[in-house]
Amino acid sequence: MTPTATAEATTPATPPTPTPASTGGAGSVPALSGLPYVPSPRDLPTGDARQLTRVFFERLRSLEEGTHAYQYVRNTLIEMNISLVHFAARPFRDRPGGPENEDVVQVGIIGLIKAIDRYDPERNTQFTTLAMPYITGEIKRHFRDTTWSVRVPRRLQELRVELAKATEALTSVSEHTPTPAELAAHLGLTEDEVRQGMVAANGYSTQSLDAPQQPTAGSAQAPAGALAARSLAETLGDTDPALEAVEDRHALAPLLADLDERSTRILQLRFGQELTQAEIGAELGLSQMQVSRLLSRTLGTLRAELLHDD
């Protein structure tokens, strides 16, 4: 993900090999004559780095892009100002993959390189005035593009931040969670736009279905030594096969009510108590053959009524 320019930036700037007579300068290359030689640009104190940055920018303007001298001056500027990247990354320390993440430093260096390529010393402005917005912008873009679990449009990503700030501001005043209507009035948006932003905010982070569920506010805390909390997957329902029979049972109820007493009794003994036909016959004083015929006739009548189209 790191451009060529970044790779150059992260490699310590190596000037042309100085001769013994020129160790106080930048070597024997004429284009670098009189330019201070900085063996460890990253270790310079802030004040010295600021002064040398101005000197190196003045020389950079006079060099032809792509030459060895140009690369040396440009890389030294990057090394001298690398502390700006670490400073810009500090506010993001609490985010996943904060300043300790090498990717954050690399994208910050990209912003630093862009600032170096666009800085004009003739404007008489401090380099840091231009560099910090570039560095911070690249870091924010990195988090925007990589930290969302579900990819949503940039407009909705920015709206999530605005909604969070508005919610905090309104809550501190009204002491209750603001409604979508209150948020819309505060931000000058429609309620539909606010609701759309709230839905999109759910895509910022996700949770595994196998992760244990934490007790919600107001719920009873589990006693010490209790079983581990169930995962979300364990609390989700599954398809109940019995639901498919609900409609049939509902339609069958009035048909059963119209049966005569003997047929109803036979059905109860056969399907309720799960007796055999012989046992039913002994209970009702009928032969097994009679029970079989009565049962077949009753079931056939019920089936025909259920399948009958009004």
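Leu159 approaches Gly197 most closely through the heavy-atom pair CD2-CA, 3.6 Å. Closest approach of Tyr72 to Pro36, counting heavy atoms only: OH-O, 3.9 Å. Smallest separation of non-hydrogen atoms from Met198 and Pro180: CE-CG, 4.3 Å. Residues Ser263 and Thr298 come closest through the heavy atom pair OG-OG1, 3.6 Å. Of all heavy-atom pairs between Ala166 and Leu183, the closest is CB-CD2, 3.8 Å. Ala251 and Leu306 get closest at one heavy-atom pair: CB-CD2, 3.9 Å.
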- Taking it one step at a time, do Met80 and Leu77 satisfy side-chain contact (heavy atoms from CB on, under 4.5 Å)? CA-CA 5 Å; Met80 284 193 299; Leu77 282 168; 3.9 Å; yes

- Message: Between Gln290 and Leu284, is the side-chain contact (heavy atoms from CB on, under 4.5 Å) condition met? List the steps.
- Response: CA-CA 11 Å; Gln290 289 176 311; Leu284 300 179; over 6 Å; no

- Task: Output, in order, the C-alpha distance, side-chain angles, deciding distance and verdict of side-chain contact (heavy atoms from CB on, under 4.5 Å) for Arg155 and Gln196.
- Result: CA-CA 11 Å; Arg155 173 181 61 85; Gln196 187 179 21; 3.9 Å; yes

- side-chain contact (heavy atoms from CB on, under 4.5 Å) assessment of Leu294 paired with Leu286: CA-CA 10 Å; Leu294 290 171; Leu286 301 173; 3.9 Å; yes

- Query: Given the rule in the salt bridge (charged side-chain N to carboxylate O under 4.0 Å, His left out) test, do Glu138 and Arg141 qualify, once you have shown the distances and angles that lead to the verdict?
  - Reply: CA-CA 5 Å; Glu138 288 295 330; Arg141 185 178 296 109; 2.9 Å; yes

Could you go through residues 123-134 and list every donor-acceptor pair under 3.5 Å that involves a side-chain atom there, pairing it with any protein atom two or more places apart or in another chain?
residue, atom, partner, partner atom, Å
Asn124, OD1, Arg54, NH2, 3.4
Thr129, OG1, Gln126, O, 3.4

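The distance from the CZ atom of Arg42 to the CD1 atom of Ile78 is 10.0 Å, given to the nearest 0.5 Å. Rounding to the nearest 0.5 Å places CG of Asn81 at 11.0 Å from OG1 of Thr76. The structure places CG of Leu252 at 11.0 Å from CZ of Arg303, a figure rounded to the nearest 0.5 Å. Taking CD1 from Ile280 and CD from Gln273, the interatomic distance works out to 9.0 Å, rounded to the nearest 0.5 Å. Between the CD atom in Gln277 and the OG atom in Ser296 there is a gap of 7.0 Å [rounded to 0.5 Å]. Atom CD of residue Glu182 and atom OG1 of residue Thr179 lie 3.5 Å apart, to the nearest 0.5 angstrom.
Test Val85, Ile139, Leu112 against Val107 for side chain to side chain contact (heavy atoms under 4.5 Å, CB included) and you get one pass: Ile139.
Put simply, Val161 and Val194 are part of two different groups of oily side chains (I, L, V, M, F, W, Y) that touch within less than 4.5 Å, one to the next. Residues Leu302 and Phe271 share a single hydrophobic cluster, defined by chaining ILVMFWY side chains whose heavy atoms lie under 4.5 Å apart. In the hydrophobic cluster analysis, where Ile, Leu, Val, Met, Phe, Trp and Tyr join through side-chain heavy atoms closer than 4.5 angstrom, Val55 is grouped together with Val38. Follow the hydrophobic side-chain contacts under 4.5 Å out from Leu259 and you reach Leu255 in the same cluster.
Counting non-hydrogen atoms of other residues, nucleotides and ligands closer than 6.0 Å to OH of Tyr70 gives a total above 12. Within 6.0 Å of CD in Glu274 there are 12 or fewer heavy atoms belonging to other residues, nucleotides or ligands. Around NE2 of His250, the count of heavy atoms belonging to other residues, nucleotides or ligands within 6.0 Å does not exceed 12.
A salt bridge does not link Arg265 to Glu261: none of the charged nitrogens lies less than 4.0 Å from a carboxylate oxygen. One finds a salt bridge joining Glu122 and Arg61 here, because a Lys/Arg side-chain nitrogen approaches an Asp/Glu carboxylate oxygen to under 4.0 Å.
Remark: side-chain polar atoms of Arg297 are not paired, donor with acceptor, to backbone N or O of Arg293 under 3.5 angstrom. Side chain of Thr171 to main chain of Glu168: no donor-acceptor pair is present (N/O by atom type, distance under 3.5 Å, no hydrogens or angles). Put simply, the side chain of His186 never gets that close to the backbone of Ala184: no donor and acceptor are under 3.5 Å apart. For Thr190 (side chain) and Glu193 (main-chain N/O), a donor-acceptor pair under 3.5 Å exists by modelled atom type.
Taking Ser83 as the reference, nothing meets the side-chain hydrogen bond (donor to acceptor under 3.5 Å, both in side chains) condition, with sequence neighbours excluded. With sequence neighbours left out, the side-chain hydrogen bond (donor to acceptor under 3.5 Å, both in side chains) criterion links Arg262 to no other residue.
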